[in-house]
Number of protein chains: 2
Amino acid sequence: MSRVINKSPLLNQATREKVEAVIADLGYVPNPQARALALRRNFLIGLIHDNPNAQMVLGVQEGILDTIRKTEFALVVRPVDRHSPTMFDDIRHFIEQQRLYGVMLLPPISENDELARMCRDLGCTVVRMGSARLDDDAHLVASNDRQAVSEAVAWLAELGHRRIGFVAGPEGFRSARERELGFADGMTRAGLATEPELAARGDYRFESGLAAGAQLLSVDRPPTAIFCSNDEMAAGVLHAARARQIDVPDDLSIVGFDDTATAAHIWPPLTTVRWPIAAMAQAAASKLIDPANAASQPSFFLSDLVRRASTVPPRE
Amino acid sequence: MSRVINKSPLLNQATREKVEAVIADLGYVPNPQARALALRRNFLIGLIHDNPNAQMVLGVQEGILDTIRKTEFALVVRPVDRHSPTMFDDIRHFIEQQRLYGVMLLPPISENDELARMCRDLGCTVVRMGSARLDDDAHLVASNDRQAVSEAVAWLAELGHRRIGFVAGPEGFRSARERELGFADGMTRAGLATEPELAARGDYRFESGLAAGAQLLSVDRPPTAIFCSNDEMAAGVLHAARARQIDVPDDLSIVGFDDTATAAHIWPPLTTVRWPIAAMAQAAASKLIDPANAASQPSFFLSDLVRRASTVPPRE
DNA sequence: TTGTAAGCGTTATCAA
DNA sequence: TTGATAACGCTTACAA
């Protein structure tokens, strides 16, 4: 019977149909625990992440679930701490213990090649989510951050901005790097020079945005627009502007990245870049549960610019 | 040997120690799949939720993980749609299929007694998270929303507010009801009368806060402070005030509930009530994995008021 | 092509 | 108190 369920190629049509009829008749459902024992691998897919942001993690969970809902797979999650010295061992133990079928890695830990290799060596398929080509198509879903940022800058230039500030993400993060490259692309394409005094670096957190904003807004000729590498820092820049009585958006346009809940709820609502998280997670889950067809699932996803009230033409 | 691992009471000390030595020596780790098969129950605890808010779900996941990290348990999540007619069947199938050890139910679906009963009938321990005494101590972790709101109102009264508006949550939600009761308590205790024209109802979403704010601020003598049953609606009220050129906090103080990321990032930063989510989730997980001692874990948790810039004394 | 039986790694039952 | 052995429900190698 297991031959029917597992679609073994060597059995004839008649028997198969007969067995299938009986299966349907009895309402038989295979027991995943028994299969797991026999196959030495569980029908579980693991989501390993270091909480890049709550909305994203939850969006990914929902996307994965959409894909596995009608299957026998279940989703098991594992938040980890990338600063913990035991992270590798924790993850190894987790995968071995649960005999995971596959794991999905979220940024920023998805950028760690060594981690991905370890998971693979443990005999478990890996799909990484990221903002650049971190891996081959079968093991990757990525957003094209570079292009998205470049387009956001183009939009600011189109509005008439000439002095555009940039708040980078933390060094060592691939997403931060891609966004930097995208910013440079956009400026070049718009024929604008990037000035060092209009660039600051943050760590993707609110407070660092506050500091970066204070820095960029205190130069002699402050920017009329600032692109921030994520929404949280954009909120920080907004607060920094407010503290200096600089009106947003009239005196300063701000663009963020991620389209978190915050982006829509702050004032003014933030123009930002939105990842198609659900679609990415669905594709990733498909790759995980069906590695044979993994490469045929889409790997690259275009983010789009959500235009809100935080961006207007510069004041004359 | 399983007698050693499972701490069977009927075996003598000497043998136990001998076996334990060998176990340690071999670095033996039991195989969860085999145990699951033999015991007909998996070492998985399920988190079933209808996404009350991303931050909260993720906080719960982290709390649960803190508790189960050193155990053989794993956390499997199941987002569901409470409006789907198949929700019950989905959940039943999920529990039966995965042979869950226990499930944790998050609000608002945790308020559904029938659902809790079904899970229990499936032979799986249930712990419900809520904002009131939904169940007995062994199967409940709850925040005391009623008291927390009452204290928030007391704080507004202390600042000198007399006309305090209220934005309720959706009917049928226990949390909404508790917060309403807490508001009434607080007003009574402060010797203030609740006026019908200063109350509006929302559905916990931003847009409904916008509408509620518009409504409350257009009455003849508008309130000088508004308590909102969650942060998202508070953000809506804030936008409504802004649209009417009403300055927050000088002309209007606002209080929210939940302490979401938004609360800290909007301007002005929102005074709000914070649930001790992590502690609650840890206690809940303890109850789940050790039902025998469930009742000895704390069940009630006090939320605290996070005082931020959105609340100031009323203008004279 | 199909039936049969031997694992998979535990727990639980039954004698010893 | 302990040791041996039959489940648990599936997959798979081997025979038929």
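Letters go in sequence order (proteins before strands), and every chain restarts at 1. Everything quoted here is computed from the prediction, not taken from an experiment.
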- Message: For A:Arg78, give me all partners under salt bridge (charged side-chain N to carboxylate O under 4.0 Å, His left out), at least two apart in sequence or on another chain.
- Response: none

- Message: With nearest nucleotide decided by heavy atoms, which residue, A:Arg35 or B:Ala14, maps closer to the 5′ end of DNA chain D?
- Response: B:Ala14

- Message: Nearest whole Å is fine: how far is D:dC10 C1' from A:Arg99 CZ?
- Response: 15 Å

- Item | Salt bridge flag under 4.0 Å for residues A:Glu72 and A:Arg35 | yes

- Item | Bend angle of the helix from C:dT1-D:dA16 to C:dA16-D:dT1, end axes from five pairs each (to 10°) | 50°

Heteroatom pairs (N/O) under 3.5 angstrom, protein to nucleotides 13-16 of chain D:
unit_1, atom_1, unit_2, atom_2, d
D:dA13, N6, A:Arg3, NH1, 3.4

- Item | With sequence neighbours excluded, residues passing side-chain hydrogen bond (donor to acceptor under 3.5 Å, both in side chains) with A:Gln282 | A:Asp66

- Item | side-chain contact (heavy atoms from CB on, under 4.5 Å) partners of A:Arg92, counting only residues at least two apart | A:Asp89, A:Glu96, A:Met118, A:Leu122

- By side-chain hydrogen bond (donor to acceptor under 3.5 Å, both in side chains) - contacts of A:Asp50 (at least two apart): A:Arg82

- Message: Any base atoms under 4.0 Å from A:Val19, or only sugar-phosphate, or nothing? Heavy atoms, all strands.
- Response: nothing

- Item | Near-strand residues of residues 37-45 of chain A, defined as heavy-atom separation under 4.0 angstrom from DNA chain C | A:Leu37, A:Ala38, A:Arg40

- Note on the structure: With sequence neighbours left out, the residues meeting side-chain contact (heavy atoms from CB on, under 4.5 Å) with A:Arg177 are A:Glu180, A:Leu181

- Note on the structure: In whole angstroms, the gap separating C1' of C:dG9 from CG of A:Asn31 amounts to 15 Å

- Between C:dT10, D:dC10, C:dT1, which one does the side chain of A:Tyr28 approach most closely? D:dC10

Without placing hydrogens or testing angles, list every side-chain donor-acceptor pair under 3.5 Å for residues 20-33 of chain A, not counting sequence neighbours.
unit_1, atom_1, unit_2, atom_2, d
A:Asn31, OD1, A:Gln33, N, 2.6
A:Asn31, OD1, A:Ala34, N, 3.0
A:Gln33, NE2, B:Gln98, O, 3.4

- Can you name the residues that form a side-chain hydrogen bond (donor to acceptor under 3.5 Å, both in side chains) with A:Gln61, not counting sequence neighbours? B:Gln61

- Query: Within the structure shown, what part of the strands sits under 4.0 Å from A:Pro30 by heavy-atom distance: base, sugar-phosphate, or nothing?
  - Reply: sugar-phosphate

- Message: Whole angstroms only, please: what is the CZ-P distance between A:Arg16 and C:dG3?
- Response: 14 Å

- Is there side-chain contact between B:Leu302 and B:Gln147, with at least one heavy-atom pair below 4.5 Å? yes

- Item | With B:Thr86 via side-chain hydrogen bond (donor to acceptor under 3.5 Å, both in side chains) - residues at least two apart | B:Ser84, B:Asp90

- Under the side-chain contact (heavy atoms from CB on, under 4.5 Å) test, which residues partner B:Glu114, sequence neighbours left out? B:Phe88, B:Asn112, B:Arg117

